[in-house]
Amino acid sequence: MILGYARVSTDGQSVDAQVKALQAAGAEKVIRETASGAKSDRAGLRRALDGLDEGDLLMVTRLDRLARSTRDLLNTMAFVADRKAGFRSLGDTWADTTTAHGRLMLTVLAGLAEFERELIRARTGEGRERAKARGVKMGRKPKLTAHQRGEAMERRAAGENVMDIARTYNVSHSTISRLKTC
């Protein structure tokens, strides 16, 4: 089955032109949606993707009707591939997983996206190491000062109830429980 997906961003726009183009291209069913492309969780798109079976084809008039970013597009394409379905964009002829060229283009895009993620991860790690070398403390600020931790540990060692200790410092009992006793 060829399943079409037509989307517009605002109520003032109409999906009619997209629906006609999808039906002319052979779409047997068209799911219409009015939602911003920036929204990651669109009910109509979810319905379209969930409705795909093996051998089906998801069709859109243009890629921007389906995804707002390369990562969003690649995630959607991965979902379609997992369903053993195909994908075609009428306006972007290279985006057609039913042809060898289309699969090649999407594979290249996926490779570039993965490469970009690795570069970001490496730059982030390098930045973190430079910050640590400058003495920047990573992570969340401790709830208790060193003095308070010492007092709390002494009180625990003396047998005081963890809940009572926690209440005096306005922290959870787990914060006190995690402290190492003398």
Side-chain angles (χ1 to χ4, degrees), residues 1-132 136-141 172 174:
M1 174 174 72
I2 300 176
L3 178 63
Y5 174 69
R7 180 188 64 79
V8 290
S9 299
T10 63
D11 286 329
Q13 298 173 322
S14 171
V15 293
D16 293 344
Q18 291 179 52
V19 171
K20 285 178 185 169
L22 292 167
Q23 288 172 337
E28 301 159 40
K29 180 180 178 184
V30 178
I31 294 180
R32 306 156 194 244
E33 183 164 46
T34 301
S36 168
K39 279 180 60 178
S40 59
D41 188 30
R42 291 176 269 156
L45 179 58
R46 175 62 34 218
R47 216 170 46 249
L49 293 173
D50 289 343
L52 289 174
D53 291 320
E54 186 173 343
D56 285 352
L57 179 70
L58 176 64
M59 191 184 318
V60 295
T61 55
R62 291 189 332 257
L63 284 177
D64 67 342
R65 301 297 87 201
L66 181 71
R68 191 58 137 198
S69 67
T70 304
R71 181 175 300 243
D72 189 25
L73 174 64
L74 292 173
N75 289 341
T76 303
M77 291 298 100
F79 187 88
V80 170
D82 288 346
R83 290 289 182 120
K84 294 183 175 44
F87 171 77
R88 181 181 303 147
S89 170
L90 299 177
D92 308 284
T93 54
W94 59 266
D96 182 351
T97 64
T98 64
T99 67
H101 289 98
R103 285 190 300 275
L104 171 66
M105 288 301 295
L106 286 170
T107 301
V108 168
L109 279 176
L112 289 172
E114 186 175 336
F115 177 67
E116 180 186 13
R117 279 193 302 275
E118 288 299 321
L119 288 177
I120 290 169
R121 188 177 297 126
R123 285 194 305 262
T124 303
E126 290 167 2
R128 188 178 298 117
E129 291 305 316
R130 283 194 305 273
K132 282 182 182 177
V136 173
K137 299 275 191 220
M138 295 292 172
R140 191 170 153 174
K141 217 174 148 180
S172 75
S174 354

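The two residues Leu58 and Ala48 have their closest heavy-atom pair at CD1-CB, 4.3 Å. When all heavy atoms of Ala21 and Thr61 are compared, the closest pair comes out as CB-CG2, 4.0 Å. Ala27 and Gly4 make their closest contact through CB-N, 4.0 Å (heavy atoms, listed as atom of the first residue, atom of the second, distance).
The salt bridge (Lys or Arg N to Asp or Glu O under 4.0 Å) contacts involving residues 94-106 comprise Arg88-Asp96, where partners must be two or more places apart or lie in separate chains.
Taking the ring centre of Phe79 as origin, the terminal cationic atom of Arg46 falls inside the region bounded by 6.0 Å and 45° from the ring axis.
Side-chain contact between Val19 and Val30: present, with at least one pair of heavy atoms (C-beta onward) separated by less than 4.5 Å. Side-chain atoms of Leu66 and Phe87, non-hydrogen and from C-beta on, do get closer than 4.5 Å to each other. Counting heavy atoms from C-beta outward, Arg32 and Asp16 have side chains that approach closer than 4.5 Å. Between Leu104 and Trp94 there is no side-chain heavy-atom pair separated by less than 4.5 Å.
Distance check: Met59 CE to Leu22 CG gives 6.5 Å after rounding to the nearest 0.5 Å. Annotation: the span from Asp56 atom CG to Leu49 atom CG amounts to 11.5 Å, rounded to 0.5 Å. How far OG1 of Thr76 is from CG of Leu63: 10.5 Å, rounded to the nearest 0.5 Å. With rounding to the nearest 0.5 Å, the separation of CE in Met77 from CG in Asp82 is 11.5 Å. We find the CG-OG1 distance between Leu57 and Thr97 to be 7.0 Å, quoted to the nearest 0.5 Å.
Using modelled atom types, one side-chain atom of Gln18 and one backbone atom of Arg7 make a donor-acceptor pair closer than 3.5 Å. A donor-acceptor pair under 3.5 Å links the side-chain atoms of Arg83 to the main chain of Leu52, judged by distance alone. In this structure a side-chain-to-backbone donor-acceptor pair under 3.5 Å is missing from Glu33 to Tyr5.
Partners of Thr99 according to the side-chain hydrogen bond (donor to acceptor under 3.5 Å, both in side chains) rule, which considers only residues two or more places apart in sequence or in another chain, do not exist here. Taking the side chain to side chain contact (heavy atoms under 4.5 Å, CB included) definition, one finds that Ala81 meets it with nothing, sequence neighbours left out.
Between Arg121 and Glu118, at least one side-chain N (NZ, or NE/NH1/NH2) sits under 4.0 Å from a carboxylate O, which counts as a salt bridge.
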